[in-house]
2 protein chains.
Amino acid sequence: MLDNFFNKLSKGKTLTEAEKAVFGQHVTIKKLRKHQYFLQEGEICKSVAFVNKGMLRCYLVDEKNNERIIQFAPEGWFISDISSFISEDRSNLNIDALEDTELILISKAAHVYLETAVPEFFKFNYTQYRGAYIALQKRLIDMFTLSTEEKYTKLLSIYPDIMQRVPQHMIASYLGLTPETLSRVRKKLSVKKTGA
Amino acid sequence: MLDNFFNKLSKGKTLTEAEKAVFGQHVTIKKLRKHQYFLQEGEICKSVAFVNKGMLRCYLVDEKNNERIIQFAPEGWFISDISSFISEDRSNLNIDALEDTELILISKAAHVYLETAVPEFFKFNYTQYRGAYIALQKRLIDMFTLSTEEKYTKLLSIYPDIMQRVPQHMIASYLGLTPETLSRVRKKLSVKKTGA
DNA sequence: ATCGAAATCAATATAATTTCTTGATCCGCG
DNA sequence: CGCGGATCAAGAAATTATATTGATTTCGAT
């Protein structure tokens, strides 16, 4: 059940059976159907979720009422509104399932406990946040420097798997484009390849 | 905003403006998208919902993993797992939205308060439960005594509106039939009408 | 034991909804 | 001005949900 989770955590090192057991006791499984929310605007985010199966998206709703996608999270990824999780105030993000999904939830208490009880977990989180920070910074820079076309092709090359599973209009939303514009960019690209 | 709600409550009598204001303070609005849960198995039901717009269904999942629909709730109806609401233990029912829906939620504290503060509300609930009890008893009797065909036609005649808005396989589930069987019953009926 | 009502299994048809594309037009900015 | 992209509107294409049908099986009541 928790195998994917353990593999992810112990990348490189291995967890002892005792440590695995500790996780087993502090973690809960939750299944979401497609479209179901993990977190809704206004709620306090009570846990960090490891995606064991399926896929989620994290988005916010802007003034004009369109959904702006911040992040996708397929199997093997963690997702949460860390800000809300840590400071325990109301989230302005929404996180919902793009497919039927299975999550492994780590509550705040569990999180705190596990970080001390399993040093490996602490280190893991450290690496995780640092990595996430770096990735986000890159994304920000790309947003400033790349052309729309480049943003899209780069995205494709980094997450080809995700891009296949997600409807185009969500990719557009992730890139900050309208679906129409993305459709046209794709057409242009395919012409490039096909033609001379 | 709360007009439908007040109309329903004050059927016959009229609420004073003061009373309406009291309601306004103790009640919250919640919007659900199609498919979204109001209550999920395992949770404690924290409020009674008045359906202001849209429609919900209440169902349980049986041993064989099929959904058995207990109740539909279109606009103007109340829905909740009263058992869980009153005794505050985990529900084994699921309630979700069949359409985009707007609910008016009455928390337990609000419910208790309002019943004393607004005698009209107390009486209303009294009538409501009594009526619900009677209706349920009738349904039970019908389940025992009517043929499948009769159950279906009776359902149609009592809730023609609901039957139109709900997919057939859910009606089948409500009647305890497979979708195939219901489809055949309907065919037989239409032949009856059309033919000689 | 057997008849009939309904379940089950499998395939297909139909309908509804989502997703994608395209054209026309407009808008802001360097 | 001219470019990149938004907006609006209409269709097309694809996917998913819903409904029907036939063949076969199960099971309780006669």
Side-chain angles (χ1 to χ4, degrees), chain A residues 33-36 54-55 57 59 62-69 72 96-101 142-153 155-156 162-194, chain B residues 33-36 54-55 57 59 62-69 72 96-101 142-153 155-156 162-194:
Chain A
R33 295 186 305 190
K34 190 174 174 173
H35 292 134
Q36 201 176 338
M55 171 135 136
R57 94 232 236 231
Y59 68 94
D62 70 14
E63 342 72 59
K64 283 182 173 175
N65 243 29
N66 2 1
E67 301 177 348
R68 306 303 211 112
I69 295 182
F72 295 106
D96 69 3
L98 260 29
E99 309 170 359
D100 290 350
T101 291
D142 286 349
M143 286 307 249
F144 281 128
T145 59
L146 301 183
S147 73
T148 295
E149 193 174 312
E150 288 167 329
K151 282 178 207 165
Y152 173 65
T153 47
L155 191 56
L156 259 190
I162 299 184
M163 295 306 108
Q164 267 174 334
R165 279 162 73 183
V166 161
Q168 247 173 251
H169 69 268
M170 290 193 185
I171 300 179
S173 163
Y174 181 88
L175 292 174
L177 303 173
T178 60
E180 293 94 328
T181 298
L182 180 57
S183 172
R184 287 176 179 122
V185 169
R186 280 164 49 84
K187 192 177 189 184
K188 202 189 297 177
L189 285 171
S190 79
V191 169
K192 271 191 192 170
K193 270 192 204 161
T194 311
Chain B
R33 294 186 307 190
K34 188 174 177 176
H35 292 136
Q36 201 174 342
M55 170 134 137
R57 95 233 235 230
Y59 68 94
D62 69 15
E63 343 73 59
K64 285 182 173 175
N65 244 27
N66 7 3
E67 301 177 347
R68 306 304 213 108
I69 295 181
F72 296 105
D96 68 5
L98 261 29
E99 309 169 0
D100 288 351
T101 291
D142 286 348
M143 286 306 247
F144 281 128
T145 58
L146 300 184
S147 72
T148 296
E149 193 175 311
E150 287 167 330
K151 283 177 207 166
Y152 173 66
T153 48
L155 191 56
L156 261 190
I162 299 184
M163 295 306 109
Q164 268 174 333
R165 279 163 72 184
V166 161
Q168 247 173 251
H169 69 270
M170 291 194 184
I171 301 178
S173 163
Y174 182 88
L175 292 173
L177 303 172
T178 59
E180 293 95 326
T181 299
L182 180 58
S183 172
R184 288 175 177 122
V185 168
R186 280 164 49 86
K187 192 178 190 186
K188 202 189 297 176
L189 286 171
S190 80
V191 169
K192 272 192 190 167
K193 269 191 202 159
T194 311

Carboxylate-amine/guanidinium contact A:D62 A:R68, below 4.0 Å: yes

Protein-nucleotide distance (A:E150, atom CD; D:dG4, atom P), rounded to Å: 13 Å

Donor-acceptor pair (no angle test) under 3.5 Å: A:R184 side chain, C:dG23 base: yes

Touch class at under 4.0 angstrom, heavy-atom based, for B:K34 against every strand present: nothing

Side-chain N,O (B:K64) to OP1/OP2 (C:dT8) below 4.0 Å: yes

Rounded distance in Å - CG (B:L182) to C1' (C:dA6): 12 Å

Atom-to-atom span, CG of B:N65 to C1' of C:dA7 - whole angstrom: 17 Å

Listed nucleotide nearest any side-chain atom of B:S183, set C:dA7, C:dT21, D:dT21: D:dT21

Spacing between A:E67 atom CD and C:dT18 atom P, to the nearest angstrom: 12 Å

Rounded distance in Å - CZ (A:R186) to P (C:dT22): 10 Å

From C:dA7, C:dT19, D:dT21, nucleotide with atom closest to B:K187 side chain: D:dT21

Side chain B:S173, main chain B:H169, donor-acceptor under 3.5 Å: no

Distance-only donor-acceptor check, side chains A:S147 and A:E150, under 3.5 Å: yes

Residue-phosphate contact under 4.0 Å: B:H169 side-chain N/O, D:dA17 OP1/OP2: no

Main-chain N/O of B:G54 paired to B:R165 side chain as donor or acceptor, under 3.5 Å: yes

Whole-Å distance separating the CD atom of A:E99 from the C1' atom of D:dT16: 14 Å

N or O in side chain of A:T181 less than 4.0 angstrom from D:dA6 OP1/OP2: yes

Options D:dT20, D:dT7, C:dC20, nucleotide nearest the side-chain atoms of B:Q168: D:dT20

Residue whose closest nucleotide on DNA chain C lies nearer the 5' end, B:E180 versus B:S147: B:S147

Whole-Å distance separating the NZ atom of B:K188 from the P atom of C:dG4: 12 Å

Contact nearer the 5' end of DNA chain C, comparing B:N66 with A:V166: B:N66

Atom-pair distance (CG on A:L177; C1' on C:dT21), nearest Å: 16 Å

Residues A:D142 and A:K151 bridged, charged N to O under 4.0 Å: no

